[in-house]
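See structure below.
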Amino acid sequence: MAKTIIVQKYGGTSVADVDRIRNAAKKVVKTKKDGYNVVVVVSALGDSTDELIRLAHKITEHPNERELDMLISTGEQVSCALLTMAIHKFGEDAISFTGAQVGIITDNAFTKARIIDINAKRIVEELNSDKIVIVAGFQGVNLNQDITTLGRGGSNLTAVALAKVLDAGSCEMYTDVEGVFTADPRIVKDARKLDRISYEEMFELASLGAQVLQPRSIEFAMKFGVPIHVRSSFSNKVGTIISKEVKAMEDTVVSGVALNKDEAKVTICDVPDKPGIAAKIFKEIAKEDINVDMIVQNVSRTGATDVSFTVPGVDLNKTIRVAKEISNKIAAGAVAFDKDIAKVSVVGIGMKSHSGVAASMFEALAEENINIEMISTSEIKISCVVRKIHAEKAVRAIHEKFGLSKK
Ligand code: ADP
Ligand code: ASP
Ligand code: MG
């Protein structure tokens, strides 16, 4: 009988230096010795991807995206070769590959490419000859043979996609925390590790700022039913299983609190209050590929109103430019912006059937004298925009309010 395949992904923090690379290699070798076929996906060392991006921006304000992918994909090539050497040193046979070499084919959307096909033939061949296969995460190749990347945190997506095509027995994400917690353990010291969480909730938490997994990888895992095990590369403890919703999960009203400090607020003042104006504004913004998150429009008493919305911080300059153009076209007023905001969110599947969550969240903020500037809700989440200086205090207050700490 063929051996079960295990896909393991080691994040940047788990391969940040030589000792950690050795530590990861040891774990890989142990899994192989336990009788599994092992496919490993690695991220770039530590924050070397950030370094490469910084370097590009020293050369030019707007790096060409094809060239940016050419540059930032190199980080993973470094780590996969080094990890392979470390495995050799432990006496096991291993071989490293780039995304292109293992047939990860993507579309042409540089810096956020989508996987369209994976021809894992080479991986299977190497596994059959008893090797451990190490794949550079985060990257693929388009049909023109140009290197592409899969969006920040994209090694998670590489791992989930390989687990799917290889029909792996498990997909383990090794990181620097013991699993998914009720809040970022760096902010809430007594945050609790979750044993299980549903794809839906994990997707929301990740999209709302919990950095531990890339949202797109969870979307992919949900679509194809790939269970994910998030765990620590520094211990052997069982981590968090992300899977489809099971009955018991519904009893938990709130599963976690997330924080995003990377958004900015833009306000177009004195917008004429008549039909069609909002459509015009947001159509122009969408044309520029800017993802608008929250929108607030006040009731007008004078025939004109202010429209505020939030966008990713990286898109702020572009947004201000477009907003000024629109404001001229529709005869609105000044354009203001605010970078000192943060978005705190609570997520929980139980919200579908429990009321009062929003009220409790607002109460937690009120008790700390934190003003709420914007609110948005959906079936399983509530988000509030607050001042950035109050962000961490807000997270801790909400976490406490919902009794999420260790029992
Ligand atoms: P990796 O290098 O393994 O990809 P990241 O640094 O990208 O790791 O993600 C792990 C970090 O995510 C943790 O160190 C933790 O501070 C942060 N984090 C944010 N929210 C959460 C959460 N709810 N649960 C666990 N970790 C979280
Ligand atoms: N190195 C890439 C990043 O920093 C991909 C990853 O770590 O998953 O975004
Ligand atoms: Mg990461």
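What's counted below: heavy atoms across the whole structure, side chains too, no hydrogens, waters or symmetry copies. Counting starts at 1 for both ligands and their atoms, following the listed order. Remember, predicted model here, so these are calculated numbers, not experimental data.
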Are Lys339 and Asp262 within salt-bridge range, i.e. N to O under 4.0 Å?
-> no
Quick test: of every protein heavy atom, which one is nearest to [atom], and how far off is it to 0.1 Å?
atom                    : value
atom 4 (O) of ligand 2  : Arg152 NH2, 2.9 Å
atom 25 (C) of ligand 1 : Gly179 O, 3.4 Å
atom 23 (N) of ligand 1 : Phe181 O, 3.0 Å
atom 14 (O) of ligand 1 : Asp176 OD1, 2.8 Å
atom 3 (O) of ligand 1  : Thr175 OG1, 2.7 Å
atom 21 (C) of ligand 1 : Asp184 CA, 3.7 Å
atom 1 (P) of ligand 1  : Thr13 OG1, 3.5 Å
atom 7 (O) of ligand 2  : Ser43 OG, 3.1 Å

Using heavy atoms and a threshold below 4.0 Å, how should the contact between Arg152 and ligand 1 be classified: side chain, backbone, both, or neither?
-> neither
Which is it for Ala183 and ligand 1 at heavy atoms under 4.0 Å: side chain, backbone, both or neither?
-> backbone
Quick note, ring pair (Phe, Tyr, Trp, His ring centres under 6.0 Å) partners involving residues 277-300, not counting sequence neighbours, are Phe282-Phe309
For ligand 1, which atoms sit closer than 4.0 Å to a heavy atom of Arg186?
-> 15 (C), 16 (O), 17 (C)
Heavy atoms only: give me the nearest Ala391-Val344 pair and the separation to one decimal.
-> O-CG1, 4.1 Å
Is atom CD of Glu284 surrounded by more than 12 heavy atoms (other residues, nucleotides or ligands) closer than 6.0 Å?
-> yes
Numbered in order shown, the ligand 2 atoms found under 4.0 Å of a heavy atom of Gly153 are 3 (C), 5 (C), 6 (C), 8 (O), 9 (O)
For [X] and [Y], which I'm curious about, is there any donor-acceptor pair between the side chains at under 3.5 Å?
X      : Y      : result
Ser255 : Glu201 : yes
Thr148 : Thr106 : yes
Gln77  : Thr98  : no

Indicate, as side chain, backbone, both or neither, the part of Glu76 found under 4.0 angstrom from ligand 2 when only non-hydrogen atoms are considered.
-> side chain
Below 4.0 Å from any atom of ligand 2, is there a heavy atom belonging to Gly154?
-> yes
Using distance alone, decide if ligand 2 has a nitrogen or oxygen within less than 3.5 Å of any nitrogen or oxygen in Phe138.
-> no
Is the shortest N/O to N/O distance between Gly12 and ligand 1 below 3.5 Å?
-> yes
